[in-house]
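Counting convention: from 1, in listed order, for ligands and their atoms alike.
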Amino acid sequence: MKISIIGAGYVGLVTGVCFADMGHEIICVDVDQEKVDKINKGIAPIHEENLSEMLKRNKERLTATTDYSVALSQSDITFLCVGTPSRSDGSIDLSYIEEATRFIGQLIKKWHLVVVKSTVVPGTTRDIITPLLEKVSGKKEGKDFSVAMNPEFLREGKAIHDFQYPDRIVIGTRDKKSNDLLKKIYKGINSPIFTVNPTVAEMIKYTSNALLSTKISFANEIGNVCKKVGIDVYDVMEAVGMDHRISPHFLQAGAGFGGSCFPKDVAALISFGSNKGLKMFLLDAVMNVNDTQPLKMIELLEKHVPHIKDKKIAVLGLAFKPDTDDIRESRSIPLIQELLDKGAEVSAFDPIASGNMKKVFPHINYPSSVAETLQDAMGCLILTEWEEFSHIDFSPMQKPVVIDGRHIITSQNDIIYEGLCW
Ligand SMILES: NC(=O)c1ccc[n+]([C@@H]2O[C@H](COP(=O)([O-])OP(=O)(O)OC[C@H]3O[C@@H](n4cnc5c(N)ncnc54)[C@H](O)[C@@H]3O)[C@@H](O)[C@H]2O)c1
């Protein structure tokens with residue numbers, strides 16, 4: 001099938017290469033010319049396992065352009081995968097969605113299926129995207145074109161794997177033709193297909209992210225109590241997670257969640273609830289725990305290094321999780337900011353995310369090795385569970401004080417070690 005993908009970021013590009021690998025012909029559209037050029041040269045613009053290999057392997061079946069008309073005229077289906085960031089009040093910013101929708105609307109000539117894959121609050125496909133497409137195109141949904149909602153659940157770092165082996169595919173449609181077409185596109189992926197209407201599909205995505213975020217903040221709150229009484233929360237959660245009603249996943253306490261999805265999606269759901277006259281007590285608490293969690297690492301550091309002003313402090317791990325260079329909402333950002341506010345001299349290292357963090361904190365040091373980062377540091381804070389951090393030699397520090405926010409340090413000889421919740 002001929003498919004165009006609008007927005008060639010984490011979701012759009014991964015969707016594109018995976019569909020291409022299944023034999024579909026893909027045209028990606030992005031406003032970022034540099035990204036488009038890289039994709040056409042077979043270079044992955046983001047770090048994601050197997051993405052480069054798959055781009056090269058599918059060069060014949062996947063191209064990129066900045067020109068919507070090329071993509072729309074050569075495809076029957078369009079997946080909308082642009083970003084849906086937060087506004088400053090936490091509510092969803094639909095400006096990229098609306099801009100892309102207008103471009104698509106202007107170019108619908110014959111019947112076309114528009115599939116919303118971006119995460120959008122319930123009702124957006126029905127109440128905003130569909131009317132906008134009708135207004136701009138002068139055509140009627142359900143007759144001249146159709147709109148569907150197909151949320152994405154992939155995890156960054158494992159995005160290709162998750163796309164190819166999903167727990168379920170959620171398809172939100174309002175007519176049989178679109179439903180059959182979407183099922184045909186996904187033919188070859190062995191997973192249950194859950195068919196609902198677009199608004200339910202939107203709600204499933206938010207509920208899933210809100211529940212996963214809640215599990216993390218819950219584990220962190222219990223972990224904070226455990227720390228006060230000398231209990232390792234990992235011992236507690238291992239047993240708790242054995243209960244089949246709970247499951248062991250997302251109960252790993254630590255410095256909190258980041259990334260481009262959980263924080264913004266929980267914030268958007270809180271704002272959505274508030275617009276409907278509902279105060280979201282539980283989700284407010286989930287965010288509060290997450291906001292304060294990384295700062296607890298500095299409290300632990302100050303137990304051993306009381307005055308951090310003008311002291312060198314090493315931060316290991318900048319990506320919001322391992323296997324990605326994505327730093328969006330990484331817990332290392334509020335932590336570094338707090339260290340700087342307290343006058344510390346910050347030296348930071350990440351295997352692949354330092355370049356991105358330089359855009360946020362251009363004036364801190366980014367040595368090229370762990371050893372250099374630790375050299376003469378008075379404290380070390382570990383924020384990302386990169387495998388290579390599990391066997392660090394802390395000897396470059398004069399008197400190693402290590403605060404582990406990710407339960408990654410196993411050998412603790414000759415160091416002062418504090419686990420965040422253990
Ligand atoms: N990243 C994830 O792990 C993940 C997982 C599931 C769902 N989602 C959701 O998917 C959506 C996309 O997320 P992402 O992480 O891929 O975002 P991203 O920022 O990586 O990519 C978005 C892309 O859209 C492009 N873009 C912006 N405006 C455009 C326009 N008018 N026309 C064409 N291209 C345009 C940008 O240049 C960028 O390349 C969001 O709604 C997000 O919540 C993300």
Taking atom types as modelled, is there a side-chain donor on [X] or [Y] under 3.5 Å from an acceptor on the other?
X	Y	value
Lys264	Thr84	yes
Lys321	Ser330	no
Asp93	Ser95	yes
Ser4	Gln74	no
Asn150	Tyr186	yes

Nearest to [atom], what protein heavy atom do you find, and at what distance?
atom	answer
atom 21 (O) of ligand 1	Gly9 CA, 3.2 Å
atom 31 (N) of ligand 1	Glu99 OE1, 2.9 Å
atom 11 (C) of ligand 1	Val82 O, 3.5 Å
atom 24 (O) of ligand 1	Gly7 CA, 3.4 Å
atom 9 (C) of ligand 1	Thr119 OG1, 3.4 Å
atom 6 (C) of ligand 1	Glu152 O, 3.2 Å
atom 22 (C) of ligand 1	Gly83 N, 3.7 Å

Phe272 ring center within less than 6.0 Å of Tyr206 ring center: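 Distance test on ring centres: not under 6.0 Å, no.
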So if I count the atoms of ligand 1 from 1 in the order they appear, which ones are less than 4.0 Å from some heavy atom of [X]?
X	value
Glu156	1 (N), 2 (C), 3 (O)
Leu154	3 (O), 5 (C)
Thr84	40 (C), 41 (O), 43 (O)
Val29	33 (C), 34 (N)
Lys35	38 (C), 39 (O)
Val11	4 (C), 5 (C), 6 (C), 7 (C), 8 (N), 10 (O), 16 (O), 44 (C)
Cys261	2 (C), 3 (O), 4 (C), 5 (C), 8 (N), 44 (C)
Ile6	32 (N), 33 (C)

Leu316: which of Leu383, Ile392, Leu381, Asp350 passes side-chain contact (heavy atoms from CB on, under 4.5 Å): Ile392
Is a salt bridge present between [X] and [Y], judged by a nitrogen-to-oxygen distance below 4.0 Å?
X	Y	result
Asp76	Lys2	no
Lys227	Glu418	yes
Arg328	Glu156	yes
Asp180	Lys176	yes

Under 4.0 Å, heavy atoms only, figure out whether ligand 1 is touched by the backbone of [X], its side chain, both or neither.
X	answer
Ser260	side chain
Arg328	side chain
Lys264	side chain
Cys81	backbone

Evaluation steps, ring-ring contact (aromatic ring centres under 6.0 Å, His included), between Phe79 and Phe19: CA-CA 11 Å; Phe79 281 77; Phe19 279 158; 5.3 Å; yes
Minimum non-hydrogen distance to atom 32 (N) of ligand 1, winning option of Phe262, Tyr96, Tyr68: Tyr68
Heavy-atom nearest neighbour of atom 23 (C) of ligand 1 within options Asp30, Leu13, Asp326: Asp30
4.5 Å side-chain heavy-atom contact, Phe145 and Ser137: yes
